[in-house]
Structures are given as structure tokens and as C-alpha cells.
Amino acid sequence: MVTSSDDAPEAHAAADPARNEWVVQVEGIVRARPEGTANAELATGEIEVAVDRLKVLNPSKVPPFYVNEEQPGLDESLRLTHRYLDLRRPAMQERLLVRARLSGAIRRVLEDEGFVDIETPTLIRSTPEGARDFVVPSRLQPGQFYALPQSPQQLKQLLMVAGYDRYYQLARCYRDEDLRGDRQPEFTQLDLEMSFVTETDVMDLVERTAIAVSEVVRPDRPILADPFPRLTYAEAMNRYGSDKPDIRFGMELVELSSVVGTVEFRVFTEPIAAGGAVFGIRAPGCGGYSRAQLDELIDLAKRHGAKGLVHLAVQDDGTLHGPASKFLGDVEGGLRDALAAEPGDLVLIVADADRIAAAEALGRVRLEMGDRLDLRDPSVLAYVWVHRFPMFTWDAESERWDATHNPFSAPIPEDVDRMTSDPASARAQQYDLALNGWELGGGSVRIHQRPLLEAAFALMGHSIEAMRDQFGALLDALEYGAPPHGGIAIGIDRWAALLAGVENIREVMAFPKTQSGADLMMDAPSPIAPEQLAELHLRVIEGD
RNA sequence: GGGCCCGUGGUGUAGUGGCCUAACAUGCCAGCCUGUCACGCUGGAGAUCGCCGGUUCGAAUCCGGUCGGGCCCGCCA
């Protein structure tokens, strides 16, 4: 846009005070730029508007940060305080558009598949299962509270009983737990449920949807594997040390228990004797790591539950060098062979009496090495299924079995009897979808028979009365010809973040909260007036 | 509940015990320039170094606490 003091002196004068973020209305003639003033760098570099009239519709205060350009180090709390300005920035707009394309594509694909969008309430009943509830006091019923749903789990199962055999919803969910980069107190799930399905049916449907959606939202990013690999939980833990493996790179775990079982090294022998395991990985070309680099890895392993991390550098002559090398004796060759380790490589080993703990700790080290060696290609979309989770996990603190995922998950048919005879070994018809090492979502085929569900709850230490009290409607409904059914819930925020290529779900939410649950723009949460409290039959306890 | 990191003009950074009367860039204001498009030139304003307390002759700098933000463990699906 150009103004000329000769051709349109008023417009020229009106334009003079205008600064960044002012809103102006312009009338003029679009014309080719004069010879020599075109700018190939700009999309509109060939043309200009010769302004005849210019009106300032609204001036702008000087913005607290640059709206018109990227500013990498910008304090996030400042962005959140002025989110309406932050959202003007092209990068934010781009990310919210990715998210909108995602939800739009999901709706189109699922509606084509015959799914029906049904809304469920956000004022429901509190149950002690799972995460801590957000609660809402009832004005009409003194001393009573609603809970905001952690997910519409029971409601969607009731919809199955009601005969809506293909339900979906982009549902807002609420969990009052501590926050992370990938966790907000309120978030959005693609929630869906189907009747008369096996776990394969659900996985197939979700997989079709995920592929179609990915191709619409990010046609530029290749899907690593189609169909998605399907790993059992045991396989995922043994190979990747994670139930949400990043399969963009190898460096798989190798179990070394049998290889090193004979050495006189208590770090290995004691865990094995206790029923645990020894796992190793090979970090190619990292044999020259410094003390400091190794210490970081050891710290990382310890932070994730390992007692320690054994490191061995493969020398040119094939021998293994490290603090533990003197214990290795004649297993040195077997160890090297098991890991296919070459001179110059670094071998990293974790042993633990709990084989899952050993695998998980080394799995975190594996991810760290993937980052260090730049093996996690950010352009690739690596979806993977993990299924056949253990139904129950022993909760040592409360001394009872707890649902590994969801208390409504059904056992796989051949493990029904183990539910009571050997709960630790019973596997659920439970499946998780992971993308690039993030858990995108999970679901299961549900228990659709009341006696079985009651048995599962009983195992988890719920009394008959408590069950009836908290899950009465669902238990009753199962007695009225409830169809077999199953479904899944996918985290839309995480999915959008991964598709947008950002590591924080706040970047794909218009108005997110800080780690302490504050909305810096609206200044929430906030105290409420004494009259409001009184109306809700509440009294605030000062202190603590 | 716990661990770690950060907090210095509007914004991003430098400064880690005296040389700081706090520097640089950008932004802002004024003037000049007027075919520029990250315009240019000249000048100017703008910071009680998040807050409170302590140590010290002396604190942006060290210590304790506190507030705010972030990352992580626990927690959470």
C-alpha cells in the first residue's frame, strides 16, 4: 500500500500515525508496481494499492511482544496473558488450523462410517476410580456435588445398551491431576464406541480413520507403517521398554539374562535370582562417550527407576571396557554377539528384580540415545498398536489389584478364568494407539455381563454396596440385553500437537492453562463472593 | 508431595562480589530522508535487576524465604 502526499494528501496524513496492529480501512486502485520496485520475495510483490482514502478503524496500543514476527525466547506467561495477541501470530494460526482440519476430518470419516455424534453431560456423578475429579457444588441440593467427567466412559457404554451401535463424540474431559506439557486439566478426546465388535474391528476402524485423517491433515508427512504394527504389551516392553514405543528407530532392547546369568557380578545375578531381568542396548558409535555424557545417562536411568546403568565401550580388539568389565570374564564375547556390538559402540545395560522396571528404565535411555543420535525423524508419522495389556496391576500401597487401564475392560477369552485364579497373568482386550512415542489413546472391548464386571470390581476391592452406589446404572443396564461392545478414546490435543510438530499441547489449544492450572488471561481460578459461597452451602477454610 | 531450571528498560539478551552512574539489539518517542517493503540517518526517553529478609565496607551477582513461569519424578490414561 502506498500513499502519496501529492495525489491524496488526506490519506497520506491519515496514514502517518498508523503503527503495527492498527486497523485501517483503505480505498484505492490496485496497480502493478512501477518499474524496478517489484519484490519477488513477497507474494504480492508485483502489485500495490494506490491509496485514495484511508480511515483508521481502530488504533492499537504498542503490543507487549512482537505479533508480526516469531520470537523464540518469548516468555510463555506473557503470551498466555495476552493470548488474543499471541493467537494472531501466523505460527499459532497455523497450529489451530491443523487442529481444526483434524477434528473436521475425523467427523467426516466417522460419519461416512455410520457413526452418530451424541453429546453427553458434563455435570455427572463423582466416582473414586481413576483420576481425581473436578467437582461442582449443587445449589439446589445442599452438600451435594457434581463431578466433571474424566471421560464419558459409562455414558457411552449406556448408549451401546440403548442401541446406538456406532457412537462418537469430540468430548471435553476433566482431570484434577498435576499437569505436564502433554496434560491439561481439561482436554478433548475423540470418544467412540461400537456394538458387536471384536478388538480387531475397533483397531481396524480406528486405523482406517487415523490414516485417512493423517493424509488430509498432513499429506506431506509419510506414515511409517501401513497397516500399523500390532505389538503385544509383552513384546513392546521387551523390545522397546515402553507401552508407547517410538518405532521410528531400532536400537531395540535385547534381553541378556541368560547371557550374563553365570557371571559373578551381583548387579546381574541378584536381580535374575529374584525373577527379574537384564536388558541391554547398543548405541552405535558412542564408545567414546565422556564421563559427563555417561553420567547424564546414568542419572536418566536412575530417575526412571533403575538402580544403575552399566556402560561398556567396545574396544578396537572387541573387548568391553567399563567399570563392570572385570566381572564379565568369558561372557564378554556372548554379550557382544547378543547385541551385535561393533568396535566403537557403547553398550548400556540395566538389571532389575522387576523386569518391567528394568525394561522401562532402559527404554527411556533408548529414547535419549535416539534423540542424541538424531534417529527420531520428525517428519515421519509412526503409529503403532500395543494390545493385550495385563488386566490388573498390583497396587502395593493400597494392597489390592487395580485396573491397568480401565476397570470395564474385558479379559481375552482364554484368560477369563485367570481373572480370579491368577489375576497377574490375565490379559485384557485392551489396545493403545501410540504415535512417535506418545500415547495417543486407548480402548478396550468391555465387559458386557454383569456377573463378570462385578467379579472384576470385587477383585479390585470394591464392596457390593459401593459398586451399586457408584456404577448402579451401568450394572443394571447390563442386565437388559446389553450387546457386546468396545471402543476407544483418542487424545485430540496430543494428536494435533504431533501433527503440528510441536512438543506441547498448549501450542494447539487456543486458551490453555499454566502448569499450576491458572488461566493467566482470565485470571482464573479466582475467589468468589461470600453470597455465592452461601448460595452453594460452602465455607472456605482459611490457611494451609 | 519432591527435584531441577528461569525471572535484568516494552520485548529478547549480556553482566555471576567493587571497573555497573547496569551494556547490546529491537521496540517506543522526536526530527530528517521519501520507492521503501526487517528502510536508512540523527537525537531522546525508558530498569528501584520478580518480591521480602540476611551476609558484606560494598549485592543484579552470595545465602534464606516467597511469588510467577517451565521441565521432570510421584500422580494421571
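Please read these numbers as outputs of a predicted model, since none were measured by experiment. A note on names: the letters A, B, ... follow the listed sequences, proteins ahead of strands, and every chain is numbered from 1. Quick note: numbers below take in every heavy atom, side chains included, and nothing from hydrogens, waters or symmetry partners.
Residue A:Arg303 is classed as a sugar-phosphate contact, given heavy-atom separations below 4.0 Å to backbone atoms only. At a threshold of 4.0 angstrom between heavy atoms, the contacts of A:Ser516 are confined to the sugar-phosphate backbone, with no base atom among them. Within the nucleic acid shown, A:Gly491 has no heavy atom closer than 4.0 Å to any nucleic acid atom. Within the 4.0 angstrom heavy-atom criterion, only backbone atoms of the sugar-phosphate kind lie near A:Arg506; the bases stay farther away. Within the nucleic acid shown, A:Leu80 has no heavy atom closer than 4.0 Å to any nucleic acid atom. Contact annotation for A:Glu48: base contact, defined as any heavy-atom pair under 4.0 Å involving a base atom. Within the 4.0 angstrom heavy-atom criterion, only backbone atoms of the sugar-phosphate kind lie near A:Gly73; the bases stay farther away. Within 4.0 Å (heavy atoms only), A:Gly45 reaches no atom of the nucleic acid at all. Nucleic acid contact for A:Asn39: base, since at least one base atom lies under 4.0 Å from a heavy atom of the residue. Nucleic acid contact for A:Thr37: base, since at least one base atom lies under 4.0 Å from a heavy atom of the residue. Contacts of A:Pro72 with the nucleic acid, taken as non-hydrogen atoms under 4.0 Å apart, are absent. Heavy atoms of A:Gln150 sit under 4.0 angstrom from primed sugar atoms or phosphate atoms, though from no base atom. Backbone-only contact: A:Glu76 has heavy atoms under 4.0 Å from sugar-phosphate atoms and none from a base. Among the heavy atoms of the strands lying under 4.0 Å from A:Leu520 are primed sugar atoms or P, OP1, OP2 only; no base atom is included.
Note on A:Glu46 versus A:Arg31: no salt bridge recorded, every NZ/NE/NH1/NH2 to OD/OE distance being 4.0 Å or above. With respect to the salt-bridge test (charged N to carboxylate O, under 4.0 angstrom), the residues A:Glu69 and A:Arg89 do not qualify. Salt bridge annotation for A:Arg208-A:Asp204: absent, with no cationic side-chain nitrogen under 4.0 angstrom from a carboxylate oxygen.
If A:Glu439 and A:Pro63 are placed on RNA chain B by their nearest nucleotide, the residue sitting closer to the 5' end is A:Pro63. Mapping A:Arg175 and A:Lys513 onto RNA chain B by nearest heavy atom places A:Lys513 closer to the 5' end of the strand.
A ring-centre distance under 6.0 Å is found for A:Phe457 and A:Phe471.
B:C62 and B:G54 make up a base pair, with Watson-Crick or G-U wobble contacts both under 3.5 Å. Summarising the base pairing, B:A23 is matched to B:U13 through a Watson-Crick or G-U wobble pair whose two defining distances lie under 3.5 Å. Nucleotide B:C29 forms a Watson-Crick or G-U wobble pair with B:G43, both donor-acceptor distances falling under 3.5 Å.
Using P as the reference atom, B:C41 and B:C20 are 27 Å apart when rounded to the nearest Å. Going from the P atom of B:G1 to that of B:C19 covers 43 Å, rounded to whole Å. Between B:C39 and B:G27, the two C1' atoms lie 16 Å apart (nearest whole Å). Nucleotides B:A59 and B:G44, compared at atom C1', are 31 Å apart to the nearest Å. With both ends at atom C1', the span from B:G43 to B:A38 equals 22 Å, rounded to whole Å.
Residue A:Arg19 places at least one side-chain N or O closer than 4.0 Å to OP1 or OP2 of B:C29. Checking the phosphate oxygens (OP1, OP2) of B:G68, no side-chain nitrogen or oxygen of A:Ser77 falls inside 4.0 Å. A close approach under 4.0 Å does occur between a side-chain nitrogen or oxygen of A:Arg364 and OP1 or OP2 of B:C73. Between A:Gln515 and B:C71 there is a side-chain N or O to OP1 or OP2 distance below 4.0 Å. When the side-chain nitrogen and oxygen atoms of A:Asn504 are compared with OP1 and OP2 of B:C71, one or more of them lie within a distance under 4.0 Å.
Between the side chains of A:His485 and A:Gln157, at least one donor-acceptor pair of N or O atoms lies under 3.5 Å. At a cut-off of 3.5 Å, with distance as the only test, a side-chain donor of A:Ser444 or A:Arg446 sits close to an acceptor on the other residue.
Judged by atom type and distance alone, A:Arg183 reaches the base of B:C75 through a side-chain donor-acceptor pair under 3.5 Å. Judged by distance alone, with hydrogens and angles left aside, A:Arg33 brings a side-chain donor or acceptor within reach of the base of B:C37, the pair sitting under 3.5 Å. Judged by atom type and distance alone, A:Asp178 reaches the base of B:G74 through a side-chain donor-acceptor pair under 3.5 Å. With hydrogens and angles ignored, no donor-acceptor pair under 3.5 angstrom links the side chain of A:Arg180 to the base of B:G70.
The CG-P distance, from A:Asp86 to B:U11, rounds to 14 Å in whole Å.
Summarising the geometry of A:Leu348 relative to A:Leu362, their closest heavy-atom pair is O-CD1, 3.9 Å, with the distance given to 0.1 Å.
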